[in-house]
Amino acid sequence: MKKDDFIISKVIKNVGIIYFNRPKKINAINLKMVKDIRNILEKWEKDDGIRAILFESKSSKGFCSGGDLVHLYNDFIINDECQDKDELFVKEFDLDKYVASYKKPIVSYWKGIVMGGGIGISINSDFIISDESVKWAMPETRLGFVPDVGVGKFISSLPQALGQYLGLCGGSLASPDLIKHGLAHVYIDSKDYEKIREKFFELSENFRDHELIGKLREEAEKYKKEIHETLVEKNADKIEKYFSGETIAEIYEKLEDNKEDEFASDILKDLRGKSQFMLALQFEKYFIGKDLTYVETVDLDQKILKYSLEVGEMQEGIRYKMIDKDNNPDWKYKSLDEVKIEEVKKLLES
């Protein structure tokens with residue numbers, strides 16, 4: 001194994017395993033990783049000896065922390081020699097669409113940090129196992145763009161207040177939330193995963209396709225944990241109260257009117273520190289996403305990211321948050337009042 005083998009593949013019985021293997025960065029995805037995953041999947045799709053795919057992480061801290069934005073910033077955004085600034089996105093989004101249409105069953109095991117690009121690659125899996133350590137989030141608005149990699153299609157399927165809370169704030173979900181809202185299939189204790197995994201390999205010798213996934217689901221259900229109250233559920237009434245507005249300005253007004261509530265005060269401060277254009281865009285995108293297919297959602301995401309690169313919002317978001325870490329972003333628009341809704345809606349047109 002080479003030092004930069006951030007993606008490792010292995011076959012056990014009739015299951016092809018793809019390991020995310022970049023523990024120091026919680027498997028932050030770079031261009032080489034995207035290409036490696038694509039190459040492995042293409043090879044296995046033609047291999048009759050491979051009946052299913054399993055996505056796993058070698059990191060103890062999580063499944064994936066998202067895209068490698070420092071790599072994106074240095075090698076693409078500020079690299080004057082780079083002629084194709086959005087190559088990473090194009091290749092990554094193509095991979096996401098390929099995974100969504102893959103001919104063989106895909107199983108993913110979510111643990112710890114599950115964010116961004118890692119969600120994009122795995123969210124269309126035929127079976128997702130999620131354990132007690134999961135912290136699932138799409139926090140892109142703090143970085144000058146919006147939840148991407150097609151995940152907006154799933155966010156738009158959630159109840160309005162929750163979908164807006166997740167999309168605008170980058171709020172996190174625990175495994176019980178994922179199960180409740182159909183974003184994962186079974187909630188287990190991490191100590192039981194190996195037993196389920198071994199059963200998966202065993203089942204792959206006798207079953208294939210939907211029957212294999214059905215048998216795996218039956219086995220995994222034997223280990224499912226009881227659903228417990230999560231932070232999101234504890235704050236469900238407040239999320240409904242503040243995020244059910246008809247405009248993003250109405251959300252701001254509700255938060256402003258309830259500043260004595262620490263929950264509202266913290267969120268208001270958080271939102272004001274983000275790109276106001278991207279917040280307005282994400283608010284409208286939640287509704288647009290209800291009528292888009294998954295592929296159309298991914299294509300819209302690519303269009304938005306290209307725009308964010310062109311106007312500099314993504315560069316500024318990554319700079320202040322991950323490069324200089326000065327907590328002093330210089331966004332294009334300083335307040336929500338400066339954002340023109342016509343410009344937002346034009347960008348969202350197909």
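Remember, predicted model here, so these are calculated numbers, not experimental data.
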Could you check if a side-chain atom of [X] sits within less than 4.5 angstrom of a side-chain atom of [Y], using non-hydrogen atoms only?
X: Leu183; Y: Ile128; answer: no
X: Leu41; Y: Arg38; answer: no
X: Lys32; Y: Phe6; answer: no

Residues that, via side-chain heavy atoms closer than 4.5 angstrom, fall in one hydrophobic cluster with Trp331: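 ILVMFWY cluster around Trp331 also holds Tyr320.
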Any residue meeting salt bridge (Lys or Arg N to Asp or Glu O under 4.0 Å) with [X], in chain and number order, not counting sequence neighbours:
X: Asp257; answer: none
X: Lys340; answer: none
X: Asp270; answer: Lys274
X: Lys238; answer: Asp261

Contacts of type side-chain contact (heavy atoms from CB on, under 4.5 Å), residue Ile50, not counting sequence neighbours: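 side-chain contact (heavy atoms from CB on, under 4.5 Å) check on Ile50 returns Val11, Trp44, Asp47, Ile53, Lys104.
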Do [X] and [Y] pair up side chain to side chain, a donor and an acceptor below 3.5 Å, judged on atom types alone?
X: Lys25; Y: Asn30; result: no
X: Gln276; Y: Ser335; result: no
X: Asp131; Y: Ser133; result: yes

Restricting to non-hydrogen atoms, name the atom on [X] and the atom on [Y] that form the minimum distance, rounded to 0.1 Å.
X: Cys64; Y: Asn27; answer: SG-O, 3.3 Å
X: Tyr294; Y: Val149; answer: OH-O, 3.8 Å
X: Ser122; Y: Ser125; answer: O-OG, 2.6 Å
X: Leu178; Y: Trp136; answer: CD2-CG, 3.7 Å
X: Asp177; Y: Glu233; answer: OD1-CG, 4.0 Å
X: Asn328; Y: Glu316; answer: O-OE2, 4.0 Å

Phe20 and Phe63 aromatic centres sub-6.0 Å: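 That pair passes the under 6.0 Å test.
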Can you confirm whether [X] is buried at [atom1], in the sense that more than 12 heavy atoms of other residues, nucleotides or ligands lie under 6.0 Å from that atom?
X: Glu262; atom1: CD; result: no
X: Lys61; atom1: NZ; result: no
X: Lys334; atom1: NZ; result: yes
X: Lys10; atom1: NZ; result: no
X: Glu260; atom1: CD; result: yes
X: Asp48; atom1: CG; result: no

Evaluation steps, salt bridge (charged side-chain N to carboxylate O under 4.0 Å, His left out), between Lys332 and Glu343: CA-CA 13 Å; Lys332 183 178 179 181; Glu343 186 178 351; 3.7 Å; yes
Verdict with reasoning, Glu42 to Lys46, per salt bridge (charged side-chain N to carboxylate O under 4.0 Å, His left out): CA-CA 7 Å; Glu42 287 180 347; Lys46 301 170 186 174; 6.0 Å; no
Selection residues 68-77 - residue pairs positive for side chain to side chain donor-acceptor pair (under 3.5 Å), sequence neighbours left out: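 Residue pairs with at least one partner in residues 68-77: Arg22-Asp68, His71-Asp75.
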Contact list for residues 200-218, test side chain to side chain donor-acceptor pair (under 3.5 Å), sequence neighbours left out: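 Every side chain to side chain donor-acceptor pair (under 3.5 Å) pair that includes a residue of residues 200-218, provided the two are not neighbours, is Lys199-Glu202.
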Keeping the roles fixed (side chain from [X], backbone from [Y]), state whether a donor-acceptor pair exists under 3.5 Å.
X: Gln315; Y: Gly312; answer: no
X: Ser156; Y: Gly152; answer: yes
X: Gln302; Y: Val90; answer: no

Residue pairs passing the salt bridge (Lys or Arg N to Asp or Glu O under 4.0 Å) test where at least one lies in residues 108-121, sequence neighbours excluded: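 Output for this query is empty, none listed.
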For residues 160-173, dump all side-chain donor-acceptor pairs below 3.5 Å to protein atoms at least two apart in sequence or in another chain.
| residue | atom | partner | partner atom | Å |
| --- | --- | --- | --- | --- |
| Gln160 | NE2 | Gly245 | O | 3.0 |
| Gln164 | NE2 | Phe283 | O | 3.1 |

Tyr307 vs Phe277, ring-ring contact (aromatic ring centres under 6.0 Å, His included): CA-CA, chis, key distance, verdict: CA-CA 11 Å; Tyr307 173 87; Phe277 181 86; 5.3 Å; yes
CA sep, side-chain torsions, deciding dist, call: Lys153, Asp301, salt bridge (charged side-chain N to carboxylate O under 4.0 Å, His left out): CA-CA 10 Å; Lys153 177 63 183 173; Asp301 288 342; over 6 Å; no
Only distances under 3.5 Å count here; give the side-chain donor-acceptor pairs of residues 12-19 to other protein atoms, sequence neighbours excluded, each with its distance to 0.1 Å.
| residue | atom | partner | partner atom | Å |
| --- | --- | --- | --- | --- |
| Asn14 | ND2 | Gly49 | O | 2.9 |
| Tyr19 | OH | Arg197 | NH2 | 2.8 |

Under-4.0 Å salt bridge between Lys195 and Glu198: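 A salt bridge is absent here (no side-chain N lies under 4.0 Å from a carboxylate O).
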Quiz: residues 92-100 side-chain donor-acceptor pairs under 3.5 angstrom, not counting sequence neighbours:
| residue | atom | partner | partner atom | Å |
| --- | --- | --- | --- | --- |
| Asp96 | OD1 | Ile121 | N | 3.4 |
| Lys97 | NZ | Asp299 | OD1 | 2.8 |
| Tyr98 | OH | Glu45 | OE1 | 2.5 |

Working for side-chain hydrogen bond (donor to acceptor under 3.5 Å, both in side chains), residues Ser190 and Glu132: CA-CA 7 Å; Ser190 54; Glu132 78 285 350; 2.7 Å; yes
